[in-house]
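For reference, the structure discussed in these notes is given below.
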Amino acid sequence: MTSVGHLEAPGDSSGEGPAGSITYLEAIRSALFDAMREDDRVFLLGEDIGAFGGAFGVTAGLLDEFGEARVIDTPIAEEGFVGAAIGAAWVGERPVVELQFADFITCPFDQIVTLAAKTHWRSGQQIPITIRCPTGGGVRGGPFHAGSPEGWFVGTAGLKVVCPGTVEDAYGLLRAAIDDPDPVLFFEHKRLYRSLRGAAPAVGSRTPIGPARVAREGCDATVVTYGSGVTTALAAAEQLDADVEVVDLRTVWPLDEETVLSSIEKTSRVLVLQEAARSIGAAGLILSLIARRSFEHLDAPPALLAPPDTPVPFAPELEDSYMPSVETTIAAVERLLAY
Amino acid sequence: MTSVGHLEAPGDSSGEGPAGSITYLEAIRSALFDAMREDDRVFLLGEDIGAFGGAFGVTAGLLDEFGEARVIDTPIAEEGFVGAAIGAAWVGERPVVELQFADFITCPFDQIVTLAAKTHWRSGQQIPITIRCPTGGGVRGGPFHAGSPEGWFVGTAGLKVVCPGTVEDAYGLLRAAIDDPDPVLFFEHKRLYRSLRGAAPAVGSRTPIGPARVAREGCDATVVTYGSGVTTALAAAEQLDADVEVVDLRTVWPLDEETVLSSIEKTSRVLVLQEAARSIGAAGLILSLIARRSFEHLDAPPALLAPPDTPVPFAPELEDSYMPSVETTIAAVERLLAY
Amino acid sequence: MPIEPCAETPSIAPAERLALFRLVLLQRIFEDRVLALYRQGRVPGSVYTGRGQEAVAAGAGLALGPDDVVAPLNRELATHFARGATTADVFRNFFGKATSPTFGRDGNMHFGQPEHGVFPLVSMLGDLVPVVAGAALAFKRRGERRVAMTFLGEGAFSVGDTHEGLNLAAVWQVPAVFVIQSNRFSYSTPVNRQMVNTNIAQRIYGGWSIPAERVDGTDALAVLDTVRAAVERARNGNGPQAVEALSVRMHGHAAHDDARYMPAGMREEFAERFDPIERLAARLALDGHGAEAIAGVREAAADEVADGLAEAEQAPAADPATIEHGVYAAPPFPDT
Amino acid sequence: MPIEPCAETPSIAPAERLALFRLVLLQRIFEDRVLALYRQGRVPGSVYTGRGQEAVAAGAGLALGPDDVVAPLNRELATHFARGATTADVFRNFFGKATSPTFGRDGNMHFGQPEHGVFPLVSMLGDLVPVVAGAALAFKRRGERRVAMTFLGEGAFSVGDTHEGLNLAAVWQVPAVFVIQSNRFSYSTPVNRQMVNTNIAQRIYGGWSIPAERVDGTDALAVLDTVRAAVERARNGNGPQAVEALSVRMHGHAAHDDARYMPAGMREEFAERFDPIERLAARLALDGHGAEAIAGVREAAADEVADGLAEAEQAPAADPATIEHGVYAAPPFPDT
Ligand SMILES: Cc1ncc(C[n+]2csc(CCOP(=O)(O)OP(=O)(O)O)c2C)c(N)n1
Ligand SMILES: Cc1ncc(C[n+]2csc(CCOP(=O)(O)OP(=O)(O)O)c2C)c(N)n1
Ligand SMILES: [Mg+2]
Ligand SMILES: [Mg+2]
């Protein structure tokens, strides 16, 4: 275990990875760096993101590179600086906001769902903002520092919600989010920051917002997942005897319905896996789709693997049993296959 | 059309209804009145609720009856007075908050999902508050005065979400909400305020929080709905040739899974009907349940009737076509039966 | 009591005095017309007016330069006109026409025209305070000599977003101007139930260190003069500025509200002596404009309103088939 | 520079002076111990301390009467002890034990004990300001002579909820007391990037008309004296009160943060002269307590911490099977 900000996380932050590989965190920083270098309209707002580099070190070095007019430390005022980002976007900027923890998105909620989400539809005024949200558990963060709040925004017209599950998408989705003329919530997973490594994405590469990706092909069952679920599902698939397809949603809202449906058409069995508690997150949206549109293709009832309906608990024993794991994913797929 | 606050709504506010009948609005007022008379701990907080009687007149007369210490006009500060209600509940009160419009629940969102929802689970401290939210459309309110925001809370552990669809439940669920030791969001429908009449509920009657109600028995198909959908579904059922069962959820979260599932077991066909846009509201939760648990009982894919994924539009032509109606409900059930 | 003419205010040039008169008249006549239409059932939803506050809307609106931006609320119809909205534009919004600034998706004063540098109002009070702080931040960052303005009532002042937005503007020292519409009430709630010290200018300076002045909000010349000075201070790098304009809300909160909670006679007495339209008319007469010239401006404004109404009535109704267009500027799945 | 003893403050009785000493010691020794455990990997998550601010936590905590209520934040461990928390209670929370105040569901300082009139901290800064305003409203409504208190740092002062809560307390004139922990930083952000006028007492009075005093937050006697006076003013119907306590955050924001963004030497110089523990110890010596007596209090506190740790280590681990218990006080479907 190393530390991520003031929390714990798996991963080796000191050592170098394989040549050419970078961490998920570095991919995010690179995306910010490249976007800022290419486009003067891009600037950063957030608490402690300047000299300190942000609670998780994501913006480390950016102040030195781009100066105080582009890396702006804010007072503790999430409603205020999300609103300010919206105002800056109104007059042509491309602000990127960092929330210190995704959990604090409850504070600027109104600014997001009222101003950011509804303005284009009712006026034609674009609001191109990106809100970066360090999300998720497995870091002993407890009820206020380990949540997966994306579900509150899934379904809200006018917002886009992306949840990168790979190094490539951490870079590519962030670049696409910053390009995008609509407000994008970017949920970057804290536990992956330093634990996930991958080949350094090509400078300027984009992961388009919208399309899901078949992360692994298979014909026996589909696991639909996103964010931290991607590595879990892929690891489980490797260990399963069956031939499991993994759909990484990448963009959770709006949902790429066709990719989900066509995978199920092929496999006839589906497990939805998410880190958010079972009655929040994206599960409702996905299972609603499956219920209505996959009826004729299913050989078993769709399954859901997600934590129980509680906040994220703090104690290691509790958190470890709360979070979906490779083992529980394997077991869930096996139950699905046995139906 | 008469006016409801500064909006329009169907109903005859001047005329008297049949003897012994009262409006949905009067039922709410009676529930407040009776609860306050019986229990000194009950007091009201909200904007313009005192001498003015609230934007919709729900609290008219209560100031005169109970005085300024129990009917408290607030500054415009939803985060503040929801927080204050939580604080009062902490020291033993039973505060009832009125939001001027349900739409403004985006402002105290954090207080609700952070403080109200999580406190009991993580400390044992009860937070018995009721938040009354005048909800819904059909009143020419547009994107900020006609929304159905209950979906943002459906699924959030620690909250209870109730949506009365009848005069009886307007009274009985509000009494139960005020009794309840947990935070309850009470979504009262603006369009029903003066348009819906019913027998005056017995003083002190309660509709328990949790259980759904089979509002109409039938064996050909089930319509699962809540709030404004109840009258719509019942009217549609009357006009349909088939024998349609209507399940009125009453409490939308936590969901009464057994009532939904056993109705579907009987009918094998289900339509979920809601006024909230299709990707928000309670549809995801309900269809997730159905997908996972009704698989073996369905003769047709479950159907969803709900507005498109946009805010509620203002123009009459737009709003009328946006909202589910008796006609569109009939058509949806017919499609379901024809499958 | 006779009407009190606006103070002389020689700093405001003759053409601007007439421009102000047109603006306050447009707001008054438009609102009277739309209220009448509402009572006839020809306007859906609700109608909010700014009667008694027209001088603030007009004066603050004219104080802005062409490249400045503004986020008005419900009481600032004249600000929209100052920025270039036509009476037809606004009528279309009240009617919910397909070609309204909100495409029929929103009504009454809930609109804004980005092409005129006007942010579309959202109802949630306080939300727009940080928005203009952010626009002003962008101007500062880019070295542009532009200013961002918004308005807020006493009630909106109690909202958390207002605090956060004022503080950001102050800490960042950005060219934002906050115009406080102190009209004594928030819906039915008198200002002394909204805050302890009802001198909001004092509060803004004491709480947020933003320079703040009070001005008579029924004197259009004084408002223009004072707000312009604030705008220019902001433009010249002196950080955010505030002006508290004192007036009275002469109507209820919205069309349905008869405001019987206001002290008896208050509005009548106010109207007699401080009606902002008549105060300006009286000053124009003192300036030397003959009765006929003044009547001419009144008539021209009435015509502008009548013409806008006629034009708006012809506009096409909104089409439900297009309801999902524009939810996204870049729809991820355009075909579905 | 030698340590500066606390001011004489004769109004604080001998027994209270010793009670304060115990409290500041408990916080210091507990926090040192828990930091060491954290560095050994024996405490999960994170550790926030209040080093340098113990006098505020202790003084404000002791200023409360037995029926008063309080909502402390991260830096106020001594307040919990003042209210009756045991060191074992708090260790259990840091460890996440089944019998912790949060049942292992939350950690570190994120707890509160309703049985001691202490509201469980939530992380979202500003949230607790309206909460105490509401508790105070209840006291006023019921005619109870009780007071509700909370703390906030400079950063928390920038949050919208803080504004709404202060304003409600002021408009309602309820017995709430706000203790501002001015420790110069908010995480890495110095106070002058948080607000323009860094005299928060002035801001509170100027912005919200709440009487506010500044006090030396490293002098436990002065804190107790000043906060007690504020508490009693509130209790006696004089409305909300505020005290701004000036200190320095001697540690980083949390255990992982070495605070290298603080000016070099600042903390060392501060510690040398203003360490709140040693300031009080020096005053106790001047009061006539011998070195041995003072060492005795230190040892007793150390024992209390050691005993609490030993006890907490024995506590049972949290049981995942019970995770869903208590989501609701009244579960709607208890059997499922
Ligand atoms: C956050 C929020 N809460 C409540 C409302 C409902 N509301 C609309 S206007 C109004 C009164 C506003 O008073 P004030 O700010 O003084 O402005 P005025 O109407 O006097 O111009 C209220 C309560 C709202 N729009 N937003
Ligand atoms: C709404 C919100 N935003 C961000 C945070 C993250 N955070 C926790 S403590 C802290 C700094 C607080 O500074 P201050 O209020 O001065 O208190 P101090 O830490 O100095 O005691 C921050 C930014 C939070 N807890 N809540
Ligand atoms: Mg007002
Ligand atoms: Mg601080």
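Chain naming here is simple, since letters A, B, ... match the order of the sequence lines and numbering starts at 1 in each.
In terms of heavy-atom pairs under 4.5 Å with chain A, the best-connected choice from C/Leu121, C/Thr162, C/Val132, C/Val174 is C/Leu121. Comparing C/Ala136, C/Gly160, C/Pro120 by how many heavy-atom pairs each has under 4.5 Å with chain A, the most go to C/Pro120. The candidate from C/Gly165, C/Ala133, C/Ala138 with the greatest count of non-hydrogen atom pairs under 4.5 Å with chain A is C/Ala138. When the candidates A/Leu45, A/Asp180, A/Val82, A/Thr114 are compared by the number of heavy-atom contacts under 4.5 Å with chain C, A/Thr114 comes out ahead. In terms of heavy-atom pairs under 4.5 Å with chain C, the best-connected choice from A/Ala117, A/Pro181, A/Pro108 is A/Pro181. Contact count versus chain C (heavy atoms, under 4.5 Å) is highest, among A/Pro183, A/Ser123, A/Ala89, for A/Ser123. Contact tally against chain A (heavy-atom pairs below 4.5 Å) for C/Ala71, C/Gly104, C/Ala330: the top residue is C/Ala330. Chosen from C/Gly326, C/Pro101, C/Ser123, the residue pairing most often with chain A at heavy-atom distances under 4.5 Å is C/Gly326.
Nearest heavy atom pair, residue A/Pro254 against residue C/Tyr328, reads CG-OH, 3.6 Å. For the pair A/Phe81 and C/Leu168, the tightest heavy-atom approach, listed with the atom from each and the gap, is N-CD1, 3.6 Å. Scanning all heavy atoms of the two residues, the minimum distance from C/Trp172 to A/Ala84 falls at CZ3-CB, 3.9 Å. Between A/Arg122 and C/Val122, the closest heavy-atom pair is NH1-CG1, 4.0 Å. Taking both residues in full, the closest heavy atoms of A/Gln111 and C/Pro130 are given as NE2-CG, 3.6 Å, listed atom of the first, atom of the second, then distance.
No more than 12 heavy atoms of other residues, nucleotides or ligands shown are found within 6.0 angstrom of OH on C/Tyr205.
Heavy atoms of C/His325 lying under 4.5 Å from chain A belong exclusively to its backbone. Of the two parts of C/Phe119, the backbone and the side chain both hold a non-hydrogen atom closer than 4.5 Å to a non-hydrogen atom of chain A. At a 4.5 Å heavy-atom cutoff, the contact between A/Glu78 and chain C is made by backbone atoms alone. For a residue to count as touching a neighbouring chain, one of its non-hydrogen atoms must lie under 4.5 Å from one of that chain's; by this rule A/Gln126 touches chain C with the side chain only. For A/Asp179, no part lies near chain C; criterion is any non-hydrogen pair under 4.5 Å. Contacts of C/Asp161 with chain A are made by both backbone and side-chain atoms, with heavy-atom separations under 4.5 Å. Only the backbone of A/Leu159 comes within less than 4.5 Å of a heavy atom of chain C; no side-chain atom from C-beta onward does. For a residue to count as touching a neighbouring chain, one of its non-hydrogen atoms must lie under 4.5 Å from one of that chain's; by this rule C/Val159 does not touch chain A. For chain C, the nearby part of A/Asp40 is the backbone; its heavy atoms alone come within less than 4.5 Å.
Checking side-chain atoms of A/Gln125 against main-chain N and O of C/Pro114 turns up no donor-acceptor pair under 3.5 Å. Using a distance-only test at 3.5 Å, with no hydrogens or angles considered, no donor-acceptor pair links the side chain of C/Asp127 to the main chain of A/Gly83. Side-chain atoms of A/Trp121 come within 3.5 Å of backbone atoms of C/Ile323 as a donor-acceptor pair (strictly under, hydrogens ignored).
A heavy-atom distance below 4.5 Å is not found between the side chains of C/Phe333 and A/Leu255. Residues C/Arg141 and A/Arg70 meet the side-chain proximity criterion, which asks for heavy atoms closer than 4.5 Å. Counting heavy atoms from C-beta on, the side chains of A/Val91 and C/Arg142 come closer than 4.5 Å. Between C/Val171 and A/Thr74, every side-chain heavy-atom pair lies at or beyond the 4.5 Å cut-off.
Residues of residues 74-97 of chain C never come closer than 4.5 Å to chain A when only heavy atoms are counted.
Contacts of C/Asn238 classified as side chain to side chain donor-acceptor pair (under 3.5 Å), with partners at least two apart in sequence or in another chain: none.
Taking CE of C/Met124 as the reference point, atom CG of A/Asp110 lies at 5.5 Å (rounded to 0.5 Å). We find the CG-NZ distance between C/Asp106 and A/Lys118 to be 9.0 Å, quoted to the nearest 0.5 Å.
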